[in-house]
Amino acid sequence: MAVEKLPLAKAINVSLRTALETDPKVLVMGEDVGKLGGVFRVTDGLQKDFGEDRVIDTPLAESGIVGTAIGLALRGYRPVVEIQFDGFVFPAYDQIVTQLAKMHARALGKIKLPVVIRIPYGGGIGAVEHHSESPEALFAHVAGLKVVSPANASDGYWMMQQAIQSDDPVIFFEPKRRYWDRAEVDTEAIPAPLHGAQVVRPGTDATLVAYGPMVKVCLEAAAAAAEEGRSLEVVDLRSMSPIDFDTVQGSVEKTRRLIVVHEAPVFLGTGAEIAARITERCFYHLEAPVLRVGGYHAPYPPARLEEEYLPGLDRVLDAVDRSLAY
Amino acid sequence: MAVEKLPLAKAINVSLRTALETDPKVLVMGEDVGKLGGVFRVTDGLQKDFGEDRVIDTPLAESGIVGTAIGLALRGYRPVVEIQFDGFVFPAYDQIVTQLAKMHARALGKIKLPVVIRIPYGGGIGAVEHHSESPEALFAHVAGLKVVSPANASDGYWMMQQAIQSDDPVIFFEPKRRYWDRAEVDTEAIPAPLHGAQVVRPGTDATLVAYGPMVKVCLEAAAAAAEEGRSLEVVDLRSMSPIDFDTVQGSVEKTRRLIVVHEAPVFLGTGAEIAARITERCFYHLEAPVLRVGGYHAPYPPARLEEEYLPGLDRVLDAVDRSLAY
Amino acid sequence: MTVESTAERKPRRTGGNQRASAKKAAPAAKKAAPAKKAAGTKKAAAGKTAPAAQPETDLVQLLTPEGKRVERPEYEQYVEDITPEELRGLYRDMLLTRRFDAEATSLQRQGELGLWASLLGQEAAQIGSGRATREDDYVFPTYREHGVAWCRGVDPTNLLGMFRGVNNGGWDPNSNNFHLYTIVIGSQALHATGYAMGVAKDGADSAVVAYFGDGASSQGDVAEAFTFSAVYNAPVVFFCQNNQWAISEPTEKQTRVPLYQRAQGYGFPGVRVDGNDVLACLAVTRWALERARRGEGPTLVEAFTYRMGAHTTSDDPTRYRHDDERQSWEAKDPIARLRAYLESEKYADEAFFAELEEESETLGKRVREVVRSMPDPDHLAIFENVYADGHALVDEERAQFAAYQASFADTGAEGEGK
Amino acid sequence: MTVESTAERKPRRTGGNQRASAKKAAPAAKKAAPAKKAAGTKKAAAGKTAPAAQPETDLVQLLTPEGKRVERPEYEQYVEDITPEELRGLYRDMLLTRRFDAEATSLQRQGELGLWASLLGQEAAQIGSGRATREDDYVFPTYREHGVAWCRGVDPTNLLGMFRGVNNGGWDPNSNNFHLYTIVIGSQALHATGYAMGVAKDGADSAVVAYFGDGASSQGDVAEAFTFSAVYNAPVVFFCQNNQWAISEPTEKQTRVPLYQRAQGYGFPGVRVDGNDVLACLAVTRWALERARRGEGPTLVEAFTYRMGAHTTSDDPTRYRHDDERQSWEAKDPIARLRAYLESEKYADEAFFAELEEESETLGKRVREVVRSMPDPDHLAIFENVYADGHALVDEERAQFAAYQASFADTGAEGEGK
Ligand SMILES: Cc1ncc(C[n+]2csc(CCOP(=O)(O)OP(=O)(O)O)c2C)c(N)n1
Ligand SMILES: Cc1ncc(C[n+]2csc(CCOP(=O)(O)OP(=O)(O)O)c2C)c(N)n1
Ligand SMILES: [Mg+2]
Ligand SMILES: [Mg+2]
């Protein structure tokens with residue numbers, strides 16, 4: 001396979017397979033990742049081909065999963081851990097922020113922690129509580145972690161390759177409602193840097209910054225705006241820690257207007273940091289304050305309300321209108 | 001006692017005592033809070049006077065402490081839980097954000113969770129790892145929690161009274177390096193609202209917003225600036241969720257410049273949200289971008305480096321200079 | 001009898017008398033099965049990984065799969081004065097619970113529910129333990145305790161709201177002392193322990209039951225609940241339904257010795273009961289609840305049962321387990337077993353079963369009707385009950401949201417495009 | 001012999017031979033103490049809260065407090081060929097560790113360290129278990145394992161960096177297979193388990209030791225480590241130093257039955273050893289390590305000992321415990337006990353003790369000197385090693401910080417005012 005059109009879930013699956021093939025130290029572990037192949041089938045077929053020793057069904061204990069992954073990393077392994085859903089990462093939060101994030105620094109660089117934590121995240125699939133959250137800011141705030149999210153199958157493949165090769169812990173947020181979206185994946189391409197943002201649609205009137213599931217919404221919004229004669233630039237952030245502020249700044253210096261869109265609650269979400277920093281960097285360029293479109297300060301609502309809760313095309317365009325009205 | 005000069009730690013102690021006396025449903029629980037009276041003596045003497053049934057030395061398990069406090073709250077109690085140090089709250093993070101924060105909404109309001117979680121936080125006491133962190137943003141981002149921090153003994157007394165009376169879960173961050181600072185406490189005063197910010201020093205040239213341990217630093221910076229002929233207004237935020245943006249906005253509309261100061265890392269710290277929102281509210285008033293002074297994107301350093309890591313008077317004044325240079 | 005009055009029935013009606021003043025001596029722990037079974041760990045100690053599934057002789061069983069009564073004196077006493085009417089009540093509870101569950105599964109297929117977690121096969125574990133509780137006891141369920149909810153008098157249609165996606169928990173926990181469903185595995189074990197600590201503080205003789213699964217036994221929270229309950233001697237019964245599977249993982253992925261043995265190391269008794277035997281579940285839970293009431297602290301009950309269906313309607317068990325396993329468990333069906341006993345003892349006649357069939361139809365119909373007419377929540381519900389005392393940011397966002405939605409009303413559009 | 005060469009000494013030097021190919025049969029679990037003690041839970045099962053402290057007959061002891069050898073055939077074999085030289089080595093290890101510890105305590109009083117966590121009283125538990133490890137084994141300590149560090153060959157002055165506040169861990173864990181100190185209680189039990197899973201994957205016959213305290217036994221992470229290690233049969237020894245206190249809380253606040261019993265419920269053996277008897281600690285840890293090497297999975301060793309000093313130099317134990325408790329433990333001193341034995345058997349003469357005294361002085365002096373000359377870290381160290389592969393924000397902040405600090409250099413000021 002070199003170029004193939006794959007759904008995001010399959011692209012990540014292929015990437016994991018490649019990693020397991022190439023590096024005998026790579027392990028896949030988590031609840032139901034083995035025989036079942038994961039509740040989203042992202043690890044489908046891997047245990048069959050690589051055995052129970054490398055694709056490991058773990059006890060139902062997230063702290064244990066991450067804690068033992070740390071120990072395995074200390075022994076020289078490169079574990080790729082799955083947290084079944086966003087809302088179930090919190091039992092492992094202590095091991096992630098207190099141990100995984102800090103151990104390299106604690107050891108003055110003498111040991112490395114190449115652990116990838118995969119988290120299917122975000123809403124839009126009509127699920128019950130705890131299955132639709134976007135907790136990325138809670139990880140990006142913590143030094144020692146890197147936090148990324150692919151928005152399409154190609155990035156799904158390549159960013160996973162890069163995350164596994166990284167010697168730092170990477171929290172890998174997978175936009176679960178895009179798992180079934182297909183895109184071309186070129187497994188022989190030269191990938192863009194893991195932590196670089198990308199202008200995925202050029203434009204001149206305002207910049208939309210998004211990542212993961214919201215990139216598609218922003219692209220649709222830009223297409224709709226184009227019909228009204230407005231030219232929106234869309235930046236796929238791809239990495240929430242570190243954030244590629246240079247690319248965002250470059251775009252804003254051109255468009256002079258910025259709207260950040262994410263599913264996570266606006267209050268103290270990644271949009272807050274982007275707004276604060278871009279305002280500092282582009283103070284004299286901005287024609288309007290950076291606006292943010294995101295979740296509300298409320299628990300993720302029951303499924304029948306998620307359409308109202310989640311940022312959609314109309315809410316994005318409403319923010320664009322407000323920005324342009326300055 | 002009506003008016004007395006007390007150290008912050010003692011003021012909180014007196015407040016807990018008052019609560020235990022007034023409401024038989026109030027409980028104090030945590031590691032070493034009983035016989036020892038807490039490692040900072042904040043619960044000193046309480047077990048002796050109210051018994052082991054109300055002032056409870058718990059097993060060494062933070063998730064267990066918060067999880068059982070939730071159960072006790074469901075039974076009608078009002079537990080005041082101590083987490084021994086900031087860095088040890090994470091084993092309880094799941095219970096706090098997934099259960100404590102969401103249970104009232106989950107039950108459509110039918111049950112209440114009046115739990116206070118006391119966390120001595122912040123640096124400056126020369127401690128070893130995990131004993132100097134400022135994780136408030138990780139709680140303020142989460143809907144369902146309220147997050148406050150007193151900066152002085154009077155607020156220590158009154159905000160604790162109000163937190164215990166609140167029917168919502170309150171994360172109560174105590175600035176440990178101010179535990180020994182004395183201030184007048186009037187136990188018969190009418191307290192300011194728990195979630196209101198306060199202008200603690202009026203000024204005209206720029207606004208400093210801080211909370212907890214940094215209020216003192218900002219007041220000192222303002223005093224030093226005054227000698228150079230600069231008039232800085234200092235706002236004690238007091239509450240990080242909700243944030244009293246009206247008070248901050250009022251100040252910024254007057255001074256046109258804002259610097260936010262906290263010990264927590266700047267990246268995605270509460271300053272990010274304040275900068276984003278105040279920029280939105282005061283876009284045409286601001287003469288300079290909102291600047292932030294805080295911790296770096298690095299684990300809290302060993303004690304011999306904390307002076308360099310922590311925001312101090314000079315770094316605050318440097319930011320003021322930069323703000324005024326716009 | 002209408003379905004409504006069934007739901008409102010007091011727990012003790014079918015479950016037998018309260019036993020606040022334990023008239024019989026509890027089986028002394030020395031005689032009780034769990035203590036004897038300590039030897040079971042030896043195998044592992046010698047290095048072999050003992051299978052999680054032990055021979056059935058480990059089980060407390062009062063009714064064989066064929067419907068014959070078994071002698072187990074130490075637990076027998078807890079059900080020895082059970083009347084034929086009470087037995088029919090247990091049968092009715094299990095049958096109607098199964099019917100309700102089947103109805104929910106098909107409502108999910110019809111798109112009326114987003115998801116359903118079926119209890120098929122676990123009726124005896126849930127009805128037996130649920131009927132052992134007293135009205136003033138408090139229950140902390142997982143997401144699968146539909147049968148326990150039934151015993152507690154929760155209107156079954158209330159259970160469907162979260163699976164339909166109109167709320168995250170649709171009943172007042174304090175109306176029936178039945179807490180909301182908890183999805184995050186194991187969390188509720190600590191809530192139950194804390195609640196039980198509160199009961200003890202109040203000097204009440206109520207008890208608390210925490211339900212959880214075999215998978216949950218691995219969570220740190222469950223271990224911490226064991227520690228806290230033991231240290232504070234809290235009146236809580238940990239009722240673990242070992243249905244052999246945690247989604248796709250068999251119990252051997254969670255433990256190498258039988259789960260009931262976990263309790264020993266924390267200093268309280270554990271016992272394994274045949275989870276498909278409603279009588280045994282009733283008896284063992286009563287025993288455990290009475291220990292709690294007498295101030296003897298926590299107990300772990302492992303109900304050995306089987307998840308006959310998929311984990312949830314989203315799951316496809318053919319990917320990870322063989323059908324013959326399921327078939328072997330079919331022979332142990334909890335409902336057939338009690339029916340065989342009722343029939344052989346002539347405790348129930350054709351009329352009873354026919355009437356029940358009708359009642360079951362009525363229940364099914366009612367459930368369908370109620371679900372289909374469940375309204376979607378008001379959009380502003382997003383902002384309701386986030387806080388009890390209000391929060392400035394929520395107020396601000398609610399107002400913005402309302403204004404935004406109103407802006408569409410003006411133009412006739414209907415909210416967010418997608 | 002210089003102190004340096006002591007620190008570099010290979011573990012097996014004083015600890016006896018490797019036993020990779022267990023030449024003697026391990027005590028079968030059926031004969032071993034822990035399995036027999038299962039009955040201990042019965043008391044609790046009957047409702048009484050059994051005291052955490054059991055009669056000393058529960059203990060594996062090979063040397064009485066008076067220095068007499070005790071018959072315990074099943075563990076005896078692990079030390080029966082120990083030479084007088086090796087015994088003197090154990091004595092020396094304990095004595096020098098205690099000296100180092102005392103030096104650190106006084107350096108804290110002099111303001112050279114910010115804090116110190118003394119191991120006073122726990123020398124036998126640490127030296128006995130530490131000397132049982134092989135060079136290729138891996139150790140995960142808490143913050144109090146100075147004696148184990150000594151056995152692993154870590155230069156003791158390296159331990160002082162974090163207590164002085166110049167780093168958060170001052171040695172390369174892989175140089176001596178001795179992980180950094182872990183302050184967050186219980187976390188390292190999972191790291192040890194994961195590491196041991198890796199050892200097994202590698203097909204190595206190394207083993208891993210996780211140290212933790214009685215207080216830590218309550219943490220969910222420790223329970224999850226028990227579960228994972230049992231399920232994966234990981235070659236790990238959980239070495240719990242029950243020093244009776246977790247800061248101000250006695251062990252009864254963590255458990256109502258002896259801690260070693262915790263293991264049973266997870267399917268592996270637990271044993272309580274006299275933690276003040278270095279021979280018994282050596283023997284029992286060797287037994288447990290050999291089980292691990294033979295692929296028999298985890299073991300829990302509870303070393304029953306006593307924290308003779310304060311929790312740390314910040315602590316004031318007079319607020320919560322009586323002096324007579326401490327006094328009763330003084331009679332069981334691990335060093336005096338071995339000395340009595342050495343003397344009665346004429347394994348050591350005055351010259352040995354005198355030479356050791358001198359060595360101890362030298363060590364003390366060196367520790368003082370090294371600590372006093374430890375430089376403060378460079379300010380830019382704040383930004384070092386946050387990531388292995390770099391991070392744009394860290395680079396940006398480092399540059400800003402450097403520029404800011406340089407701005408003071410210009411004016412002659414020295415950094416941040418305060
Ligand atoms: C903390 C957490 N992790 C993962 C999940 C996803 N999950 C839902 S049910 C389940 C299996 C539970 O198995 P068990 O405890 O045996 O209960 P059962 O479903 O068999 O009744 C898992 C892994 C969850 N709900 N919570
Ligand atoms: C998660 C966590 N909670 C609280 C603390 C604070 N603390 C430090 S040591 C200690 C007591 C530990 O007791 P134990 O496990 O018996 O070890 P010991 O100190 O007796 O060696 C506590 C509560 C901590 N370090 N980590
Ligand atoms: Mg199960
Ligand atoms: Mg201890």
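It should be emphasised that the depicted structure is a prediction, and the values quoted were computed from it without experimental measurement. Letters go in sequence order (proteins before strands), and every chain restarts at 1.
With a 4.5 angstrom heavy-atom cutoff, Asp32(A) touches chain C via backbone and side-chain atoms both. Contact annotation for His391(C): only side-chain heavy atoms (C-beta onward) come within less than 4.5 Å of a heavy atom of chain A. Looking at Arg164(C), the atoms closer than 4.5 Å to chain A (heavy atoms on both sides) sit in the backbone and in the side chain alike. Only the side chain of Leu393(C) comes within contact range of chain A, with heavy atoms under 4.5 Å apart. Only the side chain of Ile185(C) has a heavy atom closer than 4.5 Å to any heavy atom of chain A. Only the side chain of Glu52(A) has a heavy atom closer than 4.5 Å to any heavy atom of chain C. When heavy atoms are compared at a cutoff of 4.5 Å, Asp378(C) approaches chain A solely by way of its backbone atoms N, CA, C and O. For a residue to count as touching a neighbouring chain, one of its non-hydrogen atoms must lie under 4.5 Å from one of that chain's; by this rule Phe85(A) does not touch chain C. Of the atoms belonging to Tyr387(C), it is side-chain heavy atoms, and not backbone ones, that fall under 4.5 Å from chain A.
With respect to chain A, the highest number of heavy-atom pairs below 4.5 Å among Gly215(C), Gly186(C), Gly220(C) belongs to Gly215(C). Counting heavy-atom pairs closer than 4.5 Å to chain C, the top-ranked of the candidates Pro301(A), Ala127(A), Ala298(A) is Ala298(A). In terms of heavy-atom pairs under 4.5 Å with chain A, the best-connected choice from Glu397(C), Glu249(C), Arg398(C), Gln254(C) is Glu249(C). Taking chain A as the reference chain and counting heavy-atom pairs below 4.5 Å, the highest number among Asp315(C), Asp214(C), Asn168(C) is found for Asn168(C). For the options Thr58(A), Val128(A), Leu305(A), heavy-atom pairs under 4.5 Å to chain C are most numerous at Leu305(A). Most heavy-atom pairs under 4.5 Å with chain A, from the set Val394(C), Val184(C), Leu115(C): that is Val184(C).
Taking each heavy atom of Val217(A) and Pro311(A) in turn, the nearest pair found is CG1-O, 4.2 Å.
At least one donor-acceptor pair closer than 3.5 Å links the side chain of Asp86(A) to the backbone N or O of Gly122(A). With Glu82(A) contributing its side chain and Arg118(A) its backbone, the two residues share no donor-acceptor pair below 3.5 Å. Arg315(A) places a side-chain N or O within 3.5 Å of a backbone atom of Tyr309(A) that can act as its donor or acceptor partner.
Residues Arg41(A) and Asp316(C) are not paired through a salt bridge, judged by the lack of any N-O separation under 4.0 Å between the basic side chain and the carboxylate.
Residue Glu31(A) is tested with Asp57(A), Ile83(A), Ile65(A) for a side-chain contact (heavy atoms from CB on, under 4.5 Å); the sole match is Ile65(A).
Ring geometry for Phe238(C) versus Phe212(C): interplanar angle of 30 to 60°, hence tilted.
Donor-acceptor pairing under 3.5 Å is lacking for the side chains of His179(C) and Gln188(C).
One finds the CD atom of Glu396(C) at 10.0 Å from the CZ atom of Phe267(A) (value rounded to the nearest 0.5 Å).
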